[in-house]
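What follows is a single structure, written as structure tokens, with notes after it.
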Amino acid sequence: MRNMATTGNRKSTPPNRPSTLLTLAIDRLRERLPPGWRVESTGPWVPAEAKSYDALVRIEGPDAAAALLVLELRTRTSGRIPALTREKLPRAVGRTAVPVLVAPFVPPALQMELQGQQVGYIDATGNLDIRISRPGLFLSAVGALKNPWPVQRPART
């Protein structure tokens, strides 16, 4: 038997690039959507005034009814996340757009806070909560309850 490297002992690194987080979010949505639903991350439907947001994702149901998700990509969730609310979205994307936080890990306390503000979330560990009224869609998944990539703090003397 040969000596083989074990991969289980290696600590993984968090997805810390916005492009990686965007790909992860779109993949998670596609995995969870029922058959007949589509996800688009770019297209002619993106209003020019909405370019200030990290990403816009369009979800279309089998009856061609569509919803717009406004993604806020964060590489860390330490500290407080500024409130992402429908009221703060520009008129160009409409008040029916759904704000969504995308991060490597969204802790349970922040998940509850976001749900209370009607803000969706997607993280790299599998936590997901998206609620859309038109077309009617509710996606929910539970991932890690504890951050697999905790921030290392220097020891105090």
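Values reported hereafter were calculated over all heavy atoms of this structure, with side chains retained and with hydrogens, waters and symmetry mates removed.
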- Query: Which heavy-atom pair separates T75 from P18 by the least distance, and what is that distance?
  - Reply: CG2-CD, 4.4 Å
- Item | side chain to side chain contact (heavy atoms under 4.5 Å, CB included) evaluation trace for V70 with V98 | CA-CA 6 Å; V70 179; V98 178; over 6 Å; no
- Message: Please give me the minimum heavy-atom distance between W37 and G136, naming the atom from each residue.
- Response: CH2-O, 3.9 Å
- Task: Go through the structure and list residues passing side chain to side chain contact (heavy atoms under 4.5 Å, CB included) with P35, not counting sequence neighbours.
- Result: none
- Message: Holding to side chain to side chain contact (heavy atoms under 4.5 Å, CB included), I want the full list of residues that pass it with P104, two or more places apart in sequence or in another chain.
- Response: P14, P15, L21, W149
- Query: Run the side chain to side chain contact (heavy atoms under 4.5 Å, CB included) check on L69 and V39 step by step: do they pass?
  - Reply: CA-CA 10 Å; L69 303 180; V39 176; over 6 Å; no
- Task: Spell out, as yes or no, whether a donor-acceptor pair under 3.5 Å connects the side chain of R58 to the backbone of A66.
- Result: no
- Item | salt bridge (charged side-chain N to carboxylate O under 4.0 Å, His left out) partners for E31, two or more places apart | R28
Which atom pairs, one a donor and one an acceptor, fall under 3.5 Å between side chains of residues 122-130 and the rest of the protein, sequence neighbours left out?
residue: D123; atom: OD1; partner: T125; partner atom: N; Å: 2.9
residue: D123; atom: OD1; partner: T125; partner atom: OG1; Å: 2.8
residue: D123; atom: OD1; partner: G126; partner atom: N; Å: 3.0
residue: D123; atom: OD1; partner: N127; partner atom: N; Å: 2.9
residue: D123; atom: OD2; partner: V106; partner atom: N; Å: 3.0
residue: D123; atom: OD2; partner: T125; partner atom: OG1; Å: 3.3
residue: D123; atom: OD2; partner: N127; partner atom: ND2; Å: 2.8
residue: T125; atom: OG1; partner: N127; partner atom: ND2; Å: 3.2
residue: T125; atom: OG1; partner: A144; partner atom: N; Å: 3.2
residue: N127; atom: OD1; partner: G143; partner atom: N; Å: 2.7
residue: N127; atom: ND2; partner: A144; partner atom: O; Å: 3.0
residue: D129; atom: OD1; partner: R131; partner atom: NE; Å: 3.4
residue: D129; atom: OD1; partner: R131; partner atom: NH2; Å: 3.1
residue: D129; atom: OD2; partner: R131; partner atom: NE; Å: 2.9

- Message: On a heavy-atom basis, which atom in A141 and which in R32 lie closest, and how many Å separate them?
- Response: CB-NH2, 3.5 Å
- When rounded to the nearest 0.5 angstrom, what is the spacing between CD1 in I26 and CD in E40? 10.5 Å
- Query: What residues form a side chain to side chain contact (heavy atoms under 4.5 Å, CB included) with P108, not counting sequence neighbours?
  - Reply: F105
- Message: How close do L22 and A55 get, counting heavy atoms only, and between which atoms?
- Response: CD1-CB, 3.6 Å
- Item | Separation of R30 CZ from I59 CD1 (nearest 0.5 Å) | 10.0 Å
- Qualifying residues under side chain to side chain contact (heavy atoms under 4.5 Å, CB included), relative to T23, sequence neighbours excluded: D27
- Members sharing V142's hydrophobic cluster (side chains within less than 4.5 Å): L145
